[in-house]
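Down below is the structure, laid out as structure tokens.
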Amino acid sequence: MTDDDRRFMRRAIELSEKTALIDSAGGAFGAVVVQHGAIIGEGANRVVAENDPTWHGEMAAIRDACRKVGSFKLAGAVLYTSAEPCPMCAAAAYWAGIERVFYAATCEDAAHYGDFDDTMIYAELRKPVGERSIPARQIMRDEAVEVWKKYQAKTDRVPY
């Protein structure tokens, strides 16, 4: 851990404190995205304030960083987050091409001190689709695949 790591994590923790204890906007989750030694994105949990279950600190920081750099990929970027990312935020980090993640509090800390318990989600994701508690049923595959085929043939599509 470097002095820069401490500085960036300190900022993520400051954001978590402000959103949870001052703004009462959501849980104690804050995050920053760093690229080339500078913060390029910041975010804090605003689930309660925005009535949006996806407004997590990491998601907000990734969105902010992507807007600022003008890309949906954050090559070489590092995510500093005040707590271990939930499944949604971890997936967003992968989709964004985040290179490394540093977190402070654990999932267990978030569950113990804030009643944020993601264990059910982790367990659900390990199950086959047909056994999950939210029923999912595939319908109209042929129609959807036709669009995918057109997308595959599109010569100007942006590669992921």
Side-chain angles (χ1 to χ4, degrees), residues 1-138 158 160:
M1 179 172 50
T2 68
D3 287 342
D4 281 342
D5 292 331
R6 284 184 197 83
R7 180 168 53 94
F8 298 137
M9 185 59 77
R10 196 167 290 116
R11 180 60 183 151
I13 293 169
E14 287 170 1
L15 291 165
S16 77
E17 183 174 34
K18 181 179 183 304
T19 200
L21 303 181
I22 297 168
D23 299 341
S24 296
F29 302 100
V32 298
V33 175
V34 174
Q35 193 176 51
H36 309 300
I39 294 175
I40 60 168
E42 292 189 341
N45 185 294
R46 293 190 53 82
V47 167
V48 173
E50 305 297 336
N51 293 315
D52 181 347
T54 69
W55 204 305
H56 290 198
E58 299 93 335
M59 299 287 285
I62 290 168
R63 287 178 186 137
D64 187 38
C66 288
R67 259 191 309 274
K68 286 179 179 166
V69 302
S71 175
F72 58 86
K73 287 293 184 185
L74 300 170
V78 180
L79 175 66
Y80 292 83
T81 178
S82 65
E84 191 173 354
C86 74
M88 175 181 68
C89 294
Y94 280 99
W95 277 112
I98 297 287
E99 187 174 282
R100 279 186 320 227
V101 175
F102 289 94
Y103 64 91
T106 64
C107 290
E108 292 79 16
D109 294 328
H112 180 79
Y113 296 107
D115 297 321
F116 292 95
D117 188 359
D118 295 334
T119 55
M120 182 276 294
I121 298 170
Y122 286 108
E124 285 290 303
L125 292 175
R126 284 191 291 275
K127 294 178 184 177
V129 173
E131 295 176 18
R132 295 179 185 166
S133 63
I134 297 177
R137 183 174 155 225
Q138 183 182 30
V158 177
Y160 281 67

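- The two residues V32 and F8 come nearest to each other via the heavy atoms CG2-O, 3.6 Å.
- Residues E14 and R10 are in side-chain contact: their nearest non-hydrogen atoms beyond the backbone lie under 4.5 Å apart.
- With sequence neighbours left out, the side chain to side chain contact (heavy atoms under 4.5 Å, CB included) criterion links E17 to L21.
- Applying the ring pair (Phe, Tyr, Trp, His ring centres under 6.0 Å) definition to pairs two or more places apart or across chains, those involving residues 9-35 are F29-F116.
- Sorted by first then second residue, the salt bridge (charged side-chain N to carboxylate O under 4.0 Å, His left out) pairs that include residues 34-53, not counting sequence neighbours, are R11-E42, R46-E50.
- Residues satisfying the side chain to side chain contact (heavy atoms under 4.5 Å, CB included) criterion with C107, sequence neighbours excluded, are E84, Y122.
- Residues satisfying the side chain to side chain donor-acceptor pair (under 3.5 Å) test with S24, not counting sequence neighbours, are none.
- Within the structure, the ring pair (Phe, Tyr, Trp, His ring centres under 6.0 Å) test picks out no pair touching residues 30-53 (sequence neighbours left out).
- In plain terms, the two heavy atoms of A31 and A61 that are nearest each other are O-CB, 3.6 Å.
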Identify each donor-acceptor pair in which a side-chain atom of residues 67-74 lies under 3.5 Å from a protein atom, sequence neighbours left out, and give them as a table.
residue, atom, partner, partner atom, Å
K68, NZ, D64, OD2, 3.2
S71, OG, K73, N, 3.0
S71, OG, K73, O, 3.2
K73, NZ, W95, O, 2.9

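- Smallest separation of non-hydrogen atoms from L125 and P87: CD1-CB, 3.9 Å.
- N45 approaches G27 most closely through the heavy-atom pair OD1-N, 3.2 Å.
- With sequence neighbours excluded, the residues satisfying side chain to side chain contact (heavy atoms under 4.5 Å, CB included) with E131 are K127, P128.
- Residues passing the side chain to side chain donor-acceptor pair (under 3.5 Å) test with T81, sequence neighbours excluded: E58.
- Partners of N51 by side chain to side chain donor-acceptor pair (under 3.5 Å), not counting sequence neighbours: none found.
- In terms of heavy atoms, A92 sits closest to M59 at CB-SD, 3.4 Å.
- Atom OH of Y103 sits in a sparse spot, with 12 or fewer heavy atoms from other residues, nucleotides or ligands closer than 6.0 Å.
- No side-chain heavy atom of I121 sits less than 4.5 Å from a side-chain heavy atom of C86.
- Among all heavy-atom pairs drawn from V101 and P85, the shortest one is CG1-CG, 4.1 Å.
- Atom-to-atom distance recorded for M9:CE and D4:CG is 13.0 Å, nearest 0.5 angstrom.
- The structure places CG of D118 at 9.5 Å from CE of M88, a figure rounded to the nearest 0.5 Å.
- The salt bridge (charged side-chain N to carboxylate O under 4.0 Å, His left out) contacts involving residues 100-117 comprise nothing, where partners must be two or more places apart or lie in separate chains.
- For R137, the side chain to side chain contact (heavy atoms under 4.5 Å, CB included) test picks out I139, with sequence neighbours left out.
- Side-chain contact between S82 and L15: absent, with no pair of heavy atoms (C-beta onward) separated by less than 4.5 Å.
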